2 protein chains.
Amino acid sequence: MTLYGGQGDPARTMALLWRAHSPAATQATRPRSAPGPKQGLTVDAIIEAAIAVADADGMDRLSMRAVGERLGTSAMALYTYVPSKRELVDLMYDHAHAGWPQAPETGDRRAAVLAWADHLWDRYLRHPWLLQVSYARPVLGPNEQAVLESLLAILDGTSPQHLRAAVSALFHLVRGAAQTATEGRAAAGATGTSDEQWWTERSALLADLAPDFAQRFPHSTGLAGAPSGTGGYDPVSQARHALDGGLRLLLDGLLDG
Amino acid sequence: MTLYGGQGDPARTMALLWRAHSPAATQATRPRSAPGPKQGLTVDAIIEAAIAVADADGMDRLSMRAVGERLGTSAMALYTYVPSKRELVDLMYDHAHAGWPQAPETGDRRAAVLAWADHLWDRYLRHPWLLQVSYARPVLGPNEQAVLESLLAILDGTSPQHLRAAVSALFHLVRGAAQTATEGRAAAGATGTSDEQWWTERSALLADLAPDFAQRFPHSTGLAGAPSGTGGYDPVSQARHALDGGLRLLLDGLLDG
DNA sequence: CGACATTAGCTTACGGCGTACGGAGTTGTA
DNA sequence: TACAACTCCGTACGCCGTAAGCTAATGTCG
């Protein structure tokens with residue numbers, strides 16, 4: 001299921017997200033000199049350890065205990081820096097969008113949007129756990145904001161009523177396609193069978209269980225039999241292919257319509 | 001995070017999904033007469049109880065114990081009928097798509113697609129937990145298949161290379177918009193503040209933490225200030241508005257292009 | 001009709017999770 | 001030097017999914 005973000009104390013979460021940009025907050029969590037032991041960790045170290053765990057073992061295996069262990073301490077040690085796991089996930093999400101490239105200066109909007117989408121696709125495939133964090137919440141952090149800002153810069157001048165729809169649609173398309181791609185990839189990796197083998201087994205099973213499948217679902221049957229373009233059964237290139245086609249349709253309507 | 005589906009023993013899962021259509025499988029789980037006590041539950045009763053729990057309390061609160069309690073038994077009693085929670089979620093997902101309307105006979109494709117999307121949007125808003133179940137897995141069950149089939153019937157005749165892209169894009173658009181809508185709705189309900197109040201508080205917080213926001217993100221600032229059309233701050237109508245716009249763009253490219 | 005094999009229902013228990021609580025130890029300040 | 005503030009973290013609680021195995025019910029067969 002989807003992890004919800006943006007909950008918990010909003011002020012605390014926002015302060016953590018914008019801590020690098022805030023004049024009030026220093027990098028350290030607490031005022032420069034206060035009693036008590038030195039802090040042994042930093043929020044950034046925790047975020048990076050958590051991302052490393054999620055990248056390596058997946059979101060299901062991300063636990064406070066696992067992050068603590070990677071840092072050589074316990075789960076509870078993290079709670080000095082981060083209010084809860086949910087806030088940590090929000091921080092991970094924003095951090096994984098860091099270093100977003102500037103929108104190009106060139107006037108070729110179509111190419112610029114395609115490059116933007118390609119970049120986002122790359123992030124998702126590199127950090128598939130991003131797709132398990134809800135993105136429907138409002139943009140909260142500086143790096144997420146930069147992703148949106150770069151798209152808005154590309155689309156600058158589009159009529160406002162088209163703009164909101166186009167922005168939503170572009171995010172949804174890329175995210176949905178990336179989700180199809182990464183889950184297909186994961187399923188293939190988990191079962192150990194090839195993609196083609198997986199489909200033939202599934203088809204045989206279905207033929208047993210629903211002999212009337214072709215009559216009941218003629219169009220689906222036709223689609224399954226139709227040529228799927230390049231890429232064969234590889235779920236990643238199939239999803240990428242569908243994304244490219246969807247983007248073309250959308251941009252035809254947006255830029256040329 | 002997103003619940004993955006389609007795992008576990010595929011044959012067992014598929015048999016459960018297609019049990020009503022299969023000639024081999026009767027409605028009962030076991031052969032007609034066998035020793036042992038009568039079965040006190042049915043798979044359907046379990047699925048419906050689970051859906052009721054998810055509808056009422058959300059996916060986070062869906063547990064085998066909760067479903068068992070609703071049925072007046074224990075969590076472990078369910079395992080006679082359902083191999084694991086994951087399979088139960090798959091069954092819930094398919095069941096929630098039951099009763100899908102036939103594609104209309106009329107030739108107005110645009111209207112038919114919009115009606116299809118509207119219907120899907122309704123399902124998602126009625127059962128928001130659907131959006132927390134991964135949809136990137138292959139279509140497995142008869143009811144999910146019917147949803148796809150009805151869209152394919154509407155789009156019959158579209159060139160194959162456009163068809164796959166269009167189908168993916170339509171699903172992604174509706175699902176993404178519905179996710180934005182339901183999560184915004186849930187956030188408002190959880191905090192108890194009005195949508196407008198929520199935004200002003202968030203803006204004030206941001207102004208404190210990132211005073212240079214307007215300089216760093218000029219386009220985002222402009223978008224936030226632009227008129228948002230009808231619906232004001234209500235996240236559901238905002239998301240619906242964006243969906244309608246996205247569909248129009250996509251269908252312009254698909255049907256008129 | 002009685003013995004038995006089979007099976008459903010359920011209790012108990014295990015290892016995991018997020019995190020509340022509170023004690024121990026460290027440190028700047030008065 | 002005493003104190004107060006603070007970090008760190010061990011322990012524990014209440015959840016979760018579900019493995020294992022017992023109990024009791026039931027159809028079949030001698």
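Within every chain, numbering begins at 1; the chains are lettered A, B, ... in the order of the sequence lines, protein sequences first and strands thereafter. All values derive from a computational prediction rather than experimental measurement.
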- [ ] For nucleotides 13-22 of chain C, just jot down a letter per nucleotide in 5' to 3' order: B, S or -, based on protein non-hydrogen atoms under 4.0 Å.
- [x] B---BBBBB-
TODO: Apply ring pair (Phe, Tyr, Trp, His ring centres under 6.0 Å) to A/Tyr124 and list each qualifying residue two or more places apart in sequence or on a separate chain.
DONE: none
Just distance, no hydrogens or angles: give the donor-acceptor pairs under 3.5 Å from side chains in residues 61-72 of chain B, sequence neighbours left out.
residue	atom	partner	partner atom	Å
B/Ser63	OG	B/Ala66	N	3.0

TODO: For A/Ser74, enumerate each residue passing the side-chain contact (heavy atoms from CB on, under 4.5 Å) test, keeping only those at least two apart in sequence or located in another chain.
DONE: A/Met76, A/Ala77
Task: Rounded interatomic separation in angstrom, taking CG from B/Leu78 and C1' from D/dA19 - done: 15 Å
TODO: Would you please confirm or rule out a distance under 4.0 Å between OP1 or OP2 of C/dA8 and any side-chain N or O of B/Tyr81?
DONE: no
Task: Whole-Å gap separating P (D/dC15) and CG (B/Asp57) - done: 14 Å
TODO: Could you pull out all residues at least two apart from A/Ser84 that satisfy side-chain hydrogen bond (donor to acceptor under 3.5 Å, both in side chains)?
DONE: none
Task: With sequence neighbours excluded, residues passing salt bridge (charged side-chain N to carboxylate O under 4.0 Å, His left out) with B/Asp118 - done: B/Arg240
